[in-house]
Amino acid sequence: MKKKALYAGSFDPFTNGHLDIVNRALSIFDEIYIVIAVSPSKKPFLERSVRRELLTELFKGDPRVKVDTWDGLLVDYARENEIKSIVRGLRPTGDFEFEFQMASMNRKLNPECETVFFATGEKLYYISSSLVKDVFTHGGDISEFVPDIVREELLKKRRS
Ligand code: COA
């Protein structure tokens with residue numbers, strides 16, 4: 001049976017920090033489902049359909065990576081797709097308490113699903129999607145922080 005994992009987030013935009021987590025999770029799991037979920041408190045910068053297209057394009061050469069969107073609870077997505085692991089990246093910048101809470105709540109809601117944490121890469125720990133957006137909207141160079149395809153999309157958005 002394939003070992004599947006769910007990696008969810010708003011990915012607005014998807015960064016090299018996220019990519020690092022996906023690549024490392026692929027060394028342990030057979031399939032990763034990247035799910036663009038909804039964070040009610042966040043106003044979208046890139047449309048969700050655009051984020052989905054970008055991720056589909058980014059991983060089109062790797063059949064182990066599936067890209068999807070979901071509006072409900074993560075644990076329900078996991079149940080529907082027979083996924084037993086939720087992958088999360090853990091940065092040393094205050095993630096722990098919230099992640100602990102979410103992992104505990106998700107386990108309560110679906111005891112068959114465990115959360116697996118990856119310590120973020122030491123070169124990427126300070127990245128967040130908001131910071132990338134901030135640097136970008138102020139004219140800074142984000143090429144180190146996001147995949148090329150994401151940078152190109154952001155530049156396109158700036159020009160339109
Ligand atoms: N590298 C770079 N940045 C990272 C990162 C990494 N490895 N890991 C996290 N981040 C950043 C993200 O870019 C994001 O930045 P931002 O706040 O500036 O946008 C921030 O850290 C928070 O990321 P994350 O914790 O993944 O939050 P999110 O808002 O992207 O996603 C969901 C949160 C979607 C996972 C959560 O709201 C959810 O599970 N929703 C579904 C509904 C549900 O099941 N709710 C019950 C939960 S118990």
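Numbers here simply count residues along the sequence, with the first being 1. Owing to the predicted nature of the structure, the values given are computational and were not obtained by experimental measurement.
Residues passing the salt bridge (Lys or Arg N to Asp or Glu O under 4.0 Å) test with E57, sequence neighbours excluded: K60.
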**Request:** Take T69 and R48 through the test side-chain contact (heavy atoms from CB on, under 4.5 Å) and record every step on the way to the result.
**Result:** CA-CA 8 Å; T69 52; R48 196 153 65 138; 3.8 Å; yes
**Request:** Just do the side-chain contact (heavy atoms from CB on, under 4.5 Å) check on L155 and F136 with the steps written out, would you?
**Result:** CA-CA 9 Å; L155 288 170; F136 176 79; 3.9 Å; yes
**Request:** Determine, step by step, whether V50 and L54 satisfy the side-chain contact (heavy atoms from CB on, under 4.5 Å) criterion, reporting the C-alpha distance in whole Å, the side-chain angles of both residues, the deciding distance to 0.1 Å, and the verdict.
**Result:** CA-CA 6 Å; V50 173; L54 285 173; 4.3 Å; yes
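Closest non-hydrogen pair, P13 versus L154, comes out as CG-CD1, 4.4 Å. When every heavy atom of L46 is checked against every heavy atom of R51, the shortest pair comes out as O-NE, 2.9 Å. Between R88 and T115, the shortest heavy-atom contact is CG-CG2, 3.7 Å. Closest heavy-atom contact between S27 and R24: OG-O, 2.5 Å. Across V87 and A25, no two heavy atoms sit closer than the pair CG2-CB, 4.2 Å. Nearest heavy-atom pair across R79 and L109 is NH2-O, 2.9 Å.
For K84 and E114, the salt-bridge test fails: no basic side-chain N is under 4.0 Å from an acidic carboxylate O.
Residues V150 and H18 fail the side-chain proximity criterion, which asks for heavy atoms closer than 4.5 Å. A heavy-atom distance below 4.5 Å is not found between the side chains of V132 and F45. Contact annotation: the side chain of D76 approaches that of W70 to within less than 4.5 Å [non-hydrogen atoms, C-beta and beyond]. Side-chain contact between S10 and V38 is absent, with no heavy-atom pair separated by less than 4.5 Å. A heavy-atom distance below 4.5 Å is found between the side chains of D68 and R52.
For residues 122-134, the set of pairs meeting the side-chain hydrogen bond (donor to acceptor under 3.5 Å, both in side chains) definition, not counting sequence neighbours, comprises D134-H138.
Listed for the N81 side chain is no donor-acceptor partner under 3.5 Å among the backbone atoms of I83. Within the 3.5 Å criterion, the main-chain N or O of T120 finds no donor-acceptor partner in the side chain of D20.
Residues Y7 and F11 bring their aromatic ring centres within 6.0 Å.
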